[in-house]
*Asks:* 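Dumping the structure here so I can ask a few things about it.
Below, all heavy atoms of this structure are taken into account, side chains as well, without hydrogens, waters or symmetry copies. These figures come from a predicted structure and were not determined experimentally. In the text below, chain A, chain B and the rest are named by the order of the sequence lines, each starting its count at 1.
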Amino acid sequence: AYTYNTIISCCRRGSLYEEAKSIFEEMKLAGYVPDKVTYNALLDVYGKSRRPKEAMEVLMEMEANGFSPSIVTYNSLISAYARDGLLEEAIRLKDQMLERGIKPDVFTYTTLLSGYEKAGKDESAMRVFEEMRDAGCKPNICTFNALIKMYGNRGKFTEMMKIFDDIKECGCTADVVTWNTLLAVFGQNGMDSEVYGVFKEMRRSGFVAERDTFNTLISAYSRCGSFDQAMAMYKSMLDAGVAPD
RNA sequence: UCUAUGUCU
């Protein structure tokens with residue numbers, strides 16, 4: 001079943017839900033019994049293919065076959081609904097998991113937070129963040145990155161940088177997503193000196209930029225109309241031995 | 001072997 005599970009989860013990229021479904025059927029025909037991971041993987045493929053209804057059907061089939069949903073099942077399903085903007089349904093699932101004795105974790109809350117952010121519902125997003133703290137669930141770097149994105153999209157740069165400072169206070173470390181998000185936000189707003197500030201801070205922290213980050217830097221400076229800086233980043237990229245794409 | 005955050009993707 002490991003083999004089939006791996007192939008099915010491979011279908012997430014590319015939204016290959018029909019392929020995943022046929023591997024799933026083939027697996028059963030070959031006499032293998034789907035396990036928890038098989039169902040979770042298939043459910044996730046449907047979610048990533050933006051087919052929350054079918055993801056829900058996988059949950060039902062899973063239960064009909066005697067497997068109780070795990071926290072992974074719920075988080076994946078919540079992500080499927082949130083991705084489609086179905087936040088009320090996502091919240092209902094979070095409540096349902098609690099009723100069934102599964103405590104929402106940092107994945108659950110970060111998914112909901114980001115879902116509300118994408119829907120433009122900042123108040124609700126902040127409520128999720130508070131609920132998370134009240135529940136004693138510690139935010140991790142992904143949570144902070146989602147908050148940075150939220151404040152960045154709203155032009156609340158002071159708040160955004162406050163979250164950036166919180167990262168260290170909470171014993172987390174800024175990662176590639178953090179740096180790319182900050183650079184992109186300042187780039188989108190034409191704030192070239194802030195882009196430079198983030199760039200300096202990034203180097204100071206010892207972060208080694210890879211292709212994504214160089215691309216983000218070049219894009220950020222381009223949006224600021226800073227052609228020379230963009231070219232300088234392109235040169236740094238080549239000097240660092242990173243291949244452009 | 002399965003779940004959350006970013007860069008135009």
*Asks:* To the side chain of N40(A), which of A4(B), C2(B), U7(B) is closest?
*Replies:*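 The listed nucleotide nearest to N40(A)'s side chain is C2(B).
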*Asks:* Does any donor-acceptor pair link the side chain of N140(A) with the base of A4(B) at a separation under 3.5 Å?
*Replies:*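 Result: at least one qualifying N/O pair found.
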*Asks:* Out of U7(B), A4(B), U5(B), which has the shortest distance to the side chain of T216(A)?
*Replies:*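 Selected nucleotide: U7(B).
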*Asks:* Give a yes or no on whether a salt bridge exists between D239(A) and K235(A), defined as a side-chain N under 4.0 angstrom from a carboxylate O.
*Replies:*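 No.
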*Asks:* Rounding to an integer number of Å, can you tell me how far Y116(A) OH sits from U5(B) P?
*Replies:*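 Result: 16 Å.
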*Asks:* Any side-chain N or O of K48(A) less than 4.0 Å from the OP1 or OP2 oxygen of A4(B)?
*Replies:*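 Yes, K48(A) has a side-chain N/O under 4.0 Å of OP1/OP2 on A4(B).
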*Asks:* Please determine if K156(A) and E159(A) form a salt bridge, counting it only when a charged side-chain N lies under 4.0 Å from a carboxylate O.
*Replies:*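 Salt bridge: no.
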*Asks:* Between K36(A) and U1(B), does any side-chain N or O lie under 4.0 Å from OP1 or OP2?
*Replies:*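 No, K36(A) has no side-chain N/O under 4.0 Å of OP1/OP2 on U1(B).
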*Asks:* Give a yes-or-no answer on whether the side chains of E117(A) and N153(A) include a donor-acceptor pair shorter than 3.5 Å.
*Replies:*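 Yes, N153(A) and E117(A) have a side-chain donor paired with an acceptor closer than 3.5 Å.
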*Asks:* Could you tell me which residues satisfy ring pair (Phe, Tyr, Trp, His ring centres under 6.0 Å) with Y4(A), sequence neighbours excluded, listed by chain and number?
*Replies:*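 So Y4(A) forms a ring pair (Phe, Tyr, Trp, His ring centres under 6.0 Å) with Y32(A).
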*Asks:* Between C1' on U7(B) and CD1 on I218(A), what's the gap in Å once rounded to a whole number?
*Replies:*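 Between C1' of U7(B) and CD1 of I218(A): 12 Å.
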*Asks:* Could you check how far NZ of K118(A) sits from P of A4(B), rounded to whole Å?
*Replies:*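 Value for this atom pair: 11 Å.
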*Asks:* Does a donor on one side chain and an acceptor on the other come within less than 3.5 Å for N75(A) and D105(A)?
*Replies:*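 Distance-only check passes for N75(A) and D105(A).
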*Asks:* Could you check whether R83(A) pairs with E89(A) (Lys NZ or Arg NE/NH1/NH2 to Asp/Glu carboxylate O, under 4.0 Å)?
*Replies:*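 So R83(A) does not pair with E89(A) through a salt bridge.
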*Asks:* Could you check which of C8(B), C2(B), A4(B) has an atom nearest any side-chain atom of S9(A)?
*Replies:*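 Looking only at heavy atoms from C-beta outward on S9(A), the closest nucleotide is C2(B).
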*Asks:* Would you mind reading off the distance between N145(A) atom CG and G6(B) atom C1', rounded to a whole angstrom?
*Replies:*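 Distance, rounded to whole Å: 7 Å.
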*Asks:* At 4.0 Å (heavy atoms only), tell me whether S76(A) reaches a base, stays on the sugar-phosphate, or touches nothing.
*Replies:*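 The residue S76(A) makes sugar-phosphate contact but no base contact.
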*Asks:* Can you tell me how far P in U5(B) sits from the matching atom in U9(B), rounded to whole Å?
*Replies:*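 Pairwise P distance, U5(B) against U9(B), rounds to 13 Å.
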*Asks:* Which nucleotide wins on minimum distance to the side chain of D212(A), given the candidates U7(B), A4(B), U5(B)?
*Replies:*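 Nearest nucleotide to the side chain: U7(B).
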*Asks:* Figure out the CG/P separation between D44(A) and C2(B), and round it to whole Å.
*Replies:*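 Computing the D44(A):CG to C2(B):P distance gives 10 Å.
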*Asks:* Could you please name the option among A4(B), C8(B), G6(B) that lies closest to any side-chain atom of R223(A)?
*Replies:*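 Shortest atom-to-atom distance from the side chain points to C8(B).
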*Asks:* Of all of residues 176-195 of chain A, which get a heavy atom below 4.0 angstrom from RNA chain B, listed by number?
*Replies:*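 Contacts with RNA chain B under 4.0 Å: V176(A), V177(A), N180(A), T181(A), A184(A), Q188(A).
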*Asks:* Classify the side-chain pair Q96(A)/Y74(A) by whether it contains a donor and acceptor separated by less than 3.5 Å.
*Replies:*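 Q96(A) vs Y74(A): donor-acceptor pair found between side chains.
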*Asks:* Output the rounded distance in Å from CE (M132(A)) to P (U5(B)).
*Replies:*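 Taking CE of M132(A) and P of U5(B), I get 14 Å after rounding.
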*Asks:* Under a plain distance cut-off of 3.5 Å, with no hydrogens placed, do N215(A) and N180(A) share a side-chain donor-acceptor pair?
*Replies:*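 On atom types as modelled, these side chains do not qualify, holding no pair under 3.5 Å.
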*Asks:* Just how far, in rounded Å, is P of A4(B) from CZ of F144(A)?
*Replies:*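 Rounding to the nearest Å, CZ of F144(A) and P of A4(B) are 19 Å apart.
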*Asks:* Among C2(B), U5(B), C8(B), which is the nearest nucleotide to the side chain of C142(A)?
*Replies:*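 The listed nucleotide nearest to C142(A)'s side chain is U5(B).
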*Asks:* Measure from CE on M233(A) to C1' on U7(B) and round the result to the nearest Å.
*Replies:*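 M233(A) atom CE is separated from U7(B) atom C1' by 15 Å.
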